[in-house]
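Step one of this worksheet: look at the structure below.
To find a chain, count down the sequence lines: A is the first, B the second, and so on, and within it residues start at 1.
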Amino acid sequence: MLDLKFIRENPDAVSASLASRRNSTVDIDAILGADETRRKLQHEMDQLRAEQNKASQEIGRLKKAGQDASALLSAMHDLAARIKDIEERSTATEAQLNESLLVIPNLLHPSVPVGADEAANRVERVVGQPRTFDFEPKDHVDLGEALGIFDFEAGAKLARARFNVSKGLGARLERALINFMLDIHTGEHGYTEILPPFMVNSAAMQGTGQLPKFSADLFKIAGDYDLWLIPTAEVPLTNLHAGEILDEKLLPIYYAAHSPCFRSEAGSYGKDTRGMLRQHQFNKVELVKLCKPETSFDELDKLAANAEVILQRLELPYRVMTLCSGDTGFSAAKTYDIEVWLPGQNKYREISSCSNCTDFQARRANLRFRRAGAKKPEYVHTLNGSGLAVGRTVIAILENYQQPDGSILIPEALQPYLGAERIGKA
RNA sequence: GGAGAGGUGGCUGAGUGGUCGAAAGCACCGGCUUGCUAAGCCGGCGUACUCGCAAGGGUACCGUGGGUUCAAAUCCCACCCUCUCCGCCA
């Protein structure tokens with residue numbers, strides 16, 4: 001959520017930033033109009049209430065003294081009706097204003113390239129060399145099915161399309177990667193491991209920005225519950241301190257969690273239908289930071305670097321992109337996508353997305369801190385990034401480490417976790 | 001699932017219709033005092049919106065949302081949450 005005061009004072013800058021995003025149709029003037037109406041009503045109501053409070057005290061005094069208060073009482077009866085009327089209008093205007101504010105995306109950072117779609121994303125760095133094959137490399141589906149470690153048909157039978165069953169070393173590979181990633185982030189990068197709920201309520205979803213605008217992307221729990229399956233552990237992690245005023249000394253806070261992620265993938269019918277690149281359920285290790293505003297962009301660089309370490313240890317080639325204005329997500333001011341090389345597709349594909357959401361989520365989640373000696377609390381800045389998407393890491397390992405006989409060599413750093421040097425016949 | 005208790009400021013906890021944004025204690029901050037540490041005394045100490053150059057003022061908030069009333073932390077209704085006991089269960 002944007003700061004209404006900031007919109008009021010910088011309407012042009014806000015409009016310009018929003019216009020450079022994809023599909024942004026925000027009527028700033030309507031919002032400012034509603035804001036003015038609300039403030040006028042609010043002010044009027046405050047004054048009438050002041051009058052009412054004064055009179056009510058007088059009534060109390062008269063009654064206590066055994067005197068007649070009926071004249072004042074009937075006057076107050078009318079005043080109460082007027083207040084109620086204004087209150088209803090004020091509440092309605094405020095609700096409408098809030099509704100509008102909740103669907104406005106974050107302001108973009110000046111370093112974000114302006115552009116309509118991913119073609120305008122900026123390459124920050126390319127790390128590692130894609131391997132050259134002296135045979136035709138297969139994709140992870142052919143490799144995995146031949147090895148007997150994936151069963152997409154079973155996934156479809158048990159649930160529906162976009163679900164997979166991993167078996168044997170395939171299942172163990174996911175578990176190994178989760179432990180590998182968490183060990184590095186907690187042991188070397190200073191993150192505190194969290195095991196969060198995999199379902200959250202609407203307030204949490206609103207805090208990080210999934211609701212109210214993107215409910216179609218989520219799975220809602222049926223029945224008399226206000227619960228949704230998390231699309232990422234970012235939601236529980238970022239909301240962990242919602243509503244609190246944190247002591248400055250606690251910042252920055254680094255959290256890491258593994259969770260399954262559930263996404264309806266509405267609107268991506270026909271896209272990435274093959275294999276497990278785009279599933280309704282996938283594992284991810286997520287990194288979240290809460291920090292002071294002045295450090296958040298440094299923290300973003302460090303966050304991306306933390307995610308990159310995983311790819312480096314696994315010796316997988318990748319590149320880092322800064323998403324352009326049209327490609328940057330709703331809550332983010334700036335996003336780096338880390339893309340791993342996939343020989344099966346002959347392309348770089350996203351394996352991590354690291355964003356600085358500045359105070360956007362903090363305002364929604366009412367997530368603040370107080371500086372030593374300061375009177376007013378301030379909103380923290382929140383960041384999140386995948387460290388990494390586990391399913392896609394499995395794909396990358398299979399495709400990059402495949403051998404002519406269809407077996408998969410396991411990156412050295414991961415071997416102790418998997419308890420094997422190779423998947424498939426040696 | 002059955003029975004009961006309860007949700008008040010950072011914490012403990014008083015307050016059952018009017019002068020309560022809320023006693024008291026603890027914690028915290030400032031000052032004074034005391035030859036150290038400790039203790040004592042005085043003062044301060046929630047959040048948001050709003051008016052004002054400021055000093056300062058106004059309004060709202062006692063789990064959430066409604067209702068009754070001139071007036072609600074206090075009465076009524078619904079919901080959420082926590083705790084205890086019984087049952088069931090990984």
Side chain of A/K5, heavy atoms from C-beta onward: which of B/U59, B/C49, B/C70 has the nearest atom to it? B/C49
Side chain of A/H43 only, please: which of B/C70, B/U50, B/U59 is the nearest? B/U50
Checking base pairs now: Watson-Crick or wobble, both atom distances under 3.5 Å. What partners B/G1? B/C86
A/M76 has an atom CE; how far is it from atom P of B/G17, in whole Å? 24 Å
In whole angstrom, give the distance that lies between atom CE of A/M45 and atom P of B/A48. 19 Å
Can you tell me the base-pairing partner of B/C53? Count Watson-Crick or G-U wobble geometry only, both distances below 3.5 Å, and say none if there is no partner. none
Salt-bridge present (A/E378, A/K292; N to O < 4.0 Å): no
May I ask you to decide whether A/E294 forms a salt bridge with A/R371, counting only side-chain N to carboxylate O separations under 4.0 Å? yes
Given that A/R8 and A/E88 both sit by RNA chain B, which one's nearest nucleotide is further toward the 5' end? A/R8
Verify the ring-centre separation between A/F262 and A/F198: is it less than 6.0 angstrom? no
Please name the nucleotide paired to B/C79 by Watson-Crick or G-U wobble geometry with both distances under 3.5 Å, or report none. B/G63
Applying a 3.5 Å limit to both distances, which nucleotide forms a Watson-Crick or G-U wobble pair with B/U68? none
Can you check the distance between B/U59 and B/C20, where both ends of the measurement are the P atom (answer in whole Å)? 14 Å
Side chain of A/P377, heavy atoms from C-beta onward: which of B/U47, B/A71, B/G58 has the nearest atom to it? B/U47
Is any side-chain nitrogen or oxygen of A/Q57 closer than 4.0 Å to OP1 or OP2 of B/A71? no
Does the gap between the ring centers of A/F180 and A/Y417 come in under 6.0 Å? yes
Check whether any side-chain heavy atom of A/F150 lies under 4.5 Å from a side-chain heavy atom of A/L398, and answer yes or no. yes
Would you indicate, yes or no, if B/G46 has its OP1 or OP2 atom less than 4.0 angstrom from a side-chain nitrogen or oxygen of A/R368? no
Should A/H77 be listed as having a side-chain N or O under 4.0 Å from OP1 or OP2 of B/C70? yes
Separation of the C1' atoms in B/A27 and B/G17, to the nearest angstrom: 33 Å
Starting at atom CD1 of A/I245, determine the distance to atom C1' of B/C28, rounded to an integer number of angstrom. 15 Å
Between B/C81 atom P and A/Y225 atom OH, what is the distance in whole Å? 10 Å
With a 4.0 Å limit, can you tell me whether A/K376 has a side-chain N or O closer than that to the phosphate oxygens OP1/OP2 of B/A48? yes
B/G18 C1' sits how many Å from A/L72 CG, rounded? 13 Å
May I have the distance from A/L79 (atom CG) to B/U59 (atom P), rounded to whole angstrom? 13 Å
Please name all residues satisfying salt bridge (Lys or Arg N to Asp or Glu O under 4.0 Å) with A/E265, sequence neighbours left out, ordered by chain then number. A/R278
Answer for the Watson-Crick or wobble partner of B/U37, both distances under 3.5 Å, is none
Can you check the distance between B/U84 and B/C26, where both ends of the measurement are the C1' atom (answer in whole Å)? 27 Å
So which nucleotide does B/A27 pair with, by the Watson-Crick or G-U wobble rule with both distances under 3.5 Å? none
A/N53 side-chain N/O to B/G58 phosphate OP1/OP2 under 4.0 Å: no
B/G46 OP1/OP2 closer than 4.0 Å to side-chain N/O of A/R370: no
Tell me the interatomic distance from A/I59, atom CD1, to B/A72, atom P, rounded to whole angstroms. 12 Å
Is the centre of the A/H189 ring less than 6.0 Å from the centre of the A/Y254 ring? no
Same-atom distance (C1') from B/A71 to B/G4, integer angstrom: 34 Å
Return the 5'-most residue of the pair A/R61, A/E51 with respect to RNA chain B, ranking by each residue's nearest nucleotide. A/R61
Counting only side-chain heavy atoms from C-beta out, which of B/C49, B/A71, B/A60 sits nearest to A/R38? B/C49
In whole Å, measure the gap between the C1' atoms of B/C81 and B/U37 for me. 45 Å
Expressed as a whole number of Å, how far does the P atom of B/G9 sit from that of B/A5? 22 Å
Pairwise C1' distance for B/U74 and B/U68, with rounding to whole Å: 13 Å
Integer angstrom distance from the C1' of B/C77 to that of B/C11: 32 Å
Heavy atoms under 4.0 Å, any strand shown: does A/E58 hit a base, just sugar-phosphate, or nothing? nothing
Roughly how many Å is it from NZ in A/K84 to P in B/G66, rounded to a whole number? 11 Å
With the side chain of A/A80 defined as its heavy atoms from C-beta on, choose the nearest nucleotide among B/U50, B/G18, B/A71. B/A71
Cationic N near anionic O, under 4.0 Å, A/R61 to A/E58: yes
